[in-house]
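Data block below; observations after.
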Amino acid sequence: MSTEDTPSAPRSLAEALRARGDAALGALLRSRPDLITPVPTDLTQLATRAGTRASVVRALERLDRFTLQTAEALAVAADPATYGELLGLTAGDDADPAVTAALPHALDVLREQALVWGGDDRLRLVRTARELLAPSPQHPSPTGLGPTVQEATAGMSPGRIQEIVAAAGLPSTHDSVSAVASLTGLFTDRKRMAALLAQAPADSLEVLERLVWGPPYGQVTADPAPRLRWLLDRGLLLPTAPGTVVLPREVALHLRRGLAHRTPEPVPPAVETAAAHRPQVVDSTAAGQAYTALATVEELLKDWDEGGPAVLRAGGLSVRDLKRTAVALDVPEPVAAFWVELAYAAGLIASDGEADERYAATPAYDEWLERPAAERWARLATAWLAATRTAGLVGGRDAKDRTLSALGPGLDRSAAPEVRHRVLALLAGLPEGAAPEAESVLARLRWERPPRGARQEDDLRTRLARWALSEAELLGVTGRGALSAHGRALLGAPAAPVKGPDAEPSGPGDKLPVHHHRSAPLTPLSPAGQAVASAAAARLLTPLLPEPLDHVLLQADLTAVAPGPLQRPLADMLGVLADVESKGGATVYRFTPGSVRRALDAGQAASDLHAFLAAHSRTPVPQPLTYLIDDVARRHGHLRVGAASAYVRCDDDAVLNEILADKRAAALGLRRLAPTVLAAQADPAGLLEGLRAMGFAPAAESAEGDVLITRALAHRTPPRTAPEPVPDGPPVPDDTLLAAALRAIRAGDLASTTPRKPGTAPAVDGELPRTGSAETLATMQAAVLTGEALWIGYVNAEGAASQRVIAPIRVEGGFVTAYDHTADEVRTYPLHRITGVAELADDAG
């Protein structure tokens, strides 16, 4: 256990920080990075910032349950408190050995984070933390304790206090202060208090039992019952307001046997195993789901290739478009929202920025498609791990009761990446192939970050953890609930712990707790480290994914069966030539006149289609399919549609006569311009659709009369970057920034605390010295001759003021060259920017 004992005990948090080494200060700045945004000028300002309400609240929210319980115990202890008093409040009279073992670490954490300062004989909780954690009627403490006797009797008349002292069997005193002290001494003396309670009626003790663990307040009438009157007369209940009484803190602690909390939790709950599987089964299951994830994202993007859903005015997808997407992907709407958000987080889809704004694939999608399957998965998984956008919120309501839509604003939750990483890290701590009980994972997370101001089952971190478990399974990071080998590599985790050599895979009843004490957790990787981990995950996943096939099986019923994943060119061409009829282990494609016409519209000739099918089919090309292609090709392009508003031309006037005679053509507004030309009121696209609905196979043509080739995958957004995660406060400083910040803080502290000669120090601490230019120059020149150090005030070109300790070396040309102790280097300063100078005391170190 560390202490901050020094020859002279620190009188303030600033003095306690001043006694720390660089390693301890660096640990503080890493754990509370908001303290160096911006960098404080000195340690006094750092201590002030560490005590601000916003910073303290943030620090308290990041404590684990037992460390927070320790801080709450200090908040109800005397100020200052000794280590023994704190141990009594946390371990109780029975000195719980688990609490006794865990308390030094918890206290070290509080000291490291500058929430507690002082040695073990004078522990002080930072004042702001005490105000936040101490019990009050407006803000009850999780301890369930009420005010002290001194606080509860603050407004009581001296006569009434003397009556209570007398009824409790204590000698009367001459003043209220000594009377309250006497009563407090009685309540904190275990033997005397036990003797007093032994005289209490049984029903009076029942009243105390109901209040002892909180809330400590109760209601009484103007004429209390005898059981209450006995307690009120002896101060075991004290009035706080008309009709309200409170159980004093000292009484409650006696009844609790010294415990500040009903259930101290010094040890984190274990993550238990619900089921165990062979690692090979887990990896193959996860790999199969990873392949499904890739196929789903590709299917989503293909559906949006020629322009996806419109962007709502407020941003995001409409409910109708999300439903349509869910139907197209054959998944529930929440799952569809997850895939849409994942593609967006990976930078594969975005809005096109046009006047009629729509969602579409980005150019990065085409690059992503060219990568090997395992690398494509690694990019999706990495984007998911770092994304702050939270698909689970889709369909909920924001603070203004507006519906949260997929791809819309309001979905960022800065805690999401940390929770995802922590959930997977807990899974990584289980034996290989072990799937955890979800509730034990949630219980562990609630211990590590206790929810405040919300029901435990509904707090945001709990919901984020539930979503992380389900999304990891969807994405193939886990298989059958257990972390896969490639999922472990994605975290940069070491090899999994293993069970004994003779252990067999266990069933749901096998409870395998992980080591649940305070082990070093996995921390999120740096961008460079994550890139290395992602590459390692891709290498592990590669042999588990099925090899793409270069063939299909054509059948006589105008279908083709793909017995596995297809190579990219084959899959793309088959996706144009045929419609997907069913998906699963084998994909079934169906050839229809419409699908064949689609391939012809894309610039393929009938001979190209025949050659393609013959080259990629392991079975002979069926005659019905050959006839279908030839029949559609024979009629394809026989009619020509162009822009007049629109027109139809055909060398066979009999075909035009047939069109004019068809009642279904009435809506197109056709009229004959020439024996081989019809004009239409409909636009070219509408005319094409109308004629195709009538059973014809027209082709569009350009203004020059050439056939227009309609290519798939035509619509792309301009280059777009993936959305940046919304950070959860300032980032943790790297080593370079931390070293620079420590130097600057130490330098500023040296300048502000170095003793000055009498009469030269400023009237107000922190104020820059002020001297005239002539005095400044003379003092500088004298210091050059004597080699003495000086204290100066300096204002840089940006107007920022600072204090510095320098040893002048040379003064010339309006500049002073000096060794700057605060910067630990030789610098040159313009004299006109020096506000003043003061000599240091002879004993200044």
Side-chain angles (χ1 to χ4, degrees), residues 2 4 6 10 12-52 54-56 58-59 62 108-117 126 418 492 520-532 725 727-754 766 789 791-798 800-807 809 817-829 844-845:
S2 68
E4 296 184 25
T6 58
S12 66
L13 177 59
E15 286 191 10
L17 294 179
R18 202 162 281 126
R20 292 191 181 191
D22 283 352
L25 270 183
L28 167 63
L29 299 181
R30 280 196 182 92
S31 62
R32 297 176 66 179
D34 57 298
L35 298 183
I36 56 170
T37 309
V39 177
T41 57
D42 55 30
L43 287 170
T44 300
Q45 188 179 95
L46 176 63
T48 301
R49 193 176 296 174
T52 58
S55 183
V56 170
R58 181 178 176 83
R62 293 177 170 271
D108 284 346
V109 171
L110 293 173
R111 278 194 174 116
E112 176 187 286
Q113 299 200 19
L115 295 171
V116 170
W117 58 277
V126 170
E418 178 197 350
L522 286 172
T523 55
L525 300 172
S526 65
Q530 187 60 67
V532 173
D728 183 17
V732 176
D734 58 24
D735 291 341
T736 303
L737 174 59
L738 194 62
L742 285 174
R743 284 198 304 271
I745 293 171
R746 293 286 193 199
D749 202 57
L750 174 64
S752 63
T753 58
T754 301
W791 175 63
I792 67 170
Y794 181 72
V795 179
N796 65 15
E798 288 75 34
S802 61
Q803 304 175 43
R804 298 176 179 275
V805 175
I806 66 171
I809 299 172
T817 301
Y819 176 76
D820 189 332
H821 289 274
T822 58
D824 195 24
E825 64 183 9
V826 175
R827 290 185 174 180
T828 300
Y829 297 102

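Between the CD1 atom of Ile745 and the OG1 atom of Thr44 there is a distance of 11.5 Å, given to the nearest 0.5 Å. Rounded to the nearest 0.5 Å, atoms CG (Leu25) and CD1 (Ile36) are 11.0 Å apart. Note that the OG atom of Ser55 and the CD atom of Gln113 stand 9.5 Å from one another [nearest 0.5 Å].
Between Val126 and Ala114 the shortest heavy-atom distance is CG2-O, 3.0 Å. Shown here for Val56 and Ala50, the closest heavy-atom pair between the two residues is CG2-O, 3.3 Å. Of all heavy-atom pairs between Trp117 and Ala16, the closest is CB-CB, 3.9 Å.
Inter-residue side-chain proximity for Ile806 and Arg827 is flagged as unmet; no heavy-atom pair is nearer than 4.5 Å. Residues Pro527 and Gln530 form no side-chain contact, since every pair of their non-hydrogen atoms from C-beta on lies 4.5 Å or further apart. Using a 4.5 Å heavy-atom threshold, the side chains of Leu29 and Leu46 count as touching. Side-chain contact between Leu43 and Arg20: absent, with no pair of heavy atoms (C-beta onward) separated by less than 4.5 Å.
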Evaluation steps, side-chain contact (heavy atoms from CB on, under 4.5 Å), between Arg49 and Asp34: CA-CA 9 Å; Arg49 193 176 296 174; Asp34 57 298; 5.8 Å; no

Output a table of donor-acceptor pairs, distance under 3.5 Å, between side-chain atoms of residues 730-739 and any protein atom two or more places apart or on a different chain; print 'none' if there are none.
{"from": "Asp734", "atom 1": "OD1", "to": "Thr736", "atom 2": "N", "distance (Å)": "3.3"}
{"from": "Asp734", "atom 1": "OD1", "to": "Leu737", "atom 2": "N", "distance (Å)": "2.8"}
{"from": "Asp735", "atom 1": "OD1", "to": "Arg30", "atom 2": "NH2", "distance (Å)": "2.9"}

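Side chain of Arg32 to main chain of Arg58: no donor-acceptor pair is present (N/O by atom type, distance under 3.5 Å, no hydrogens or angles).
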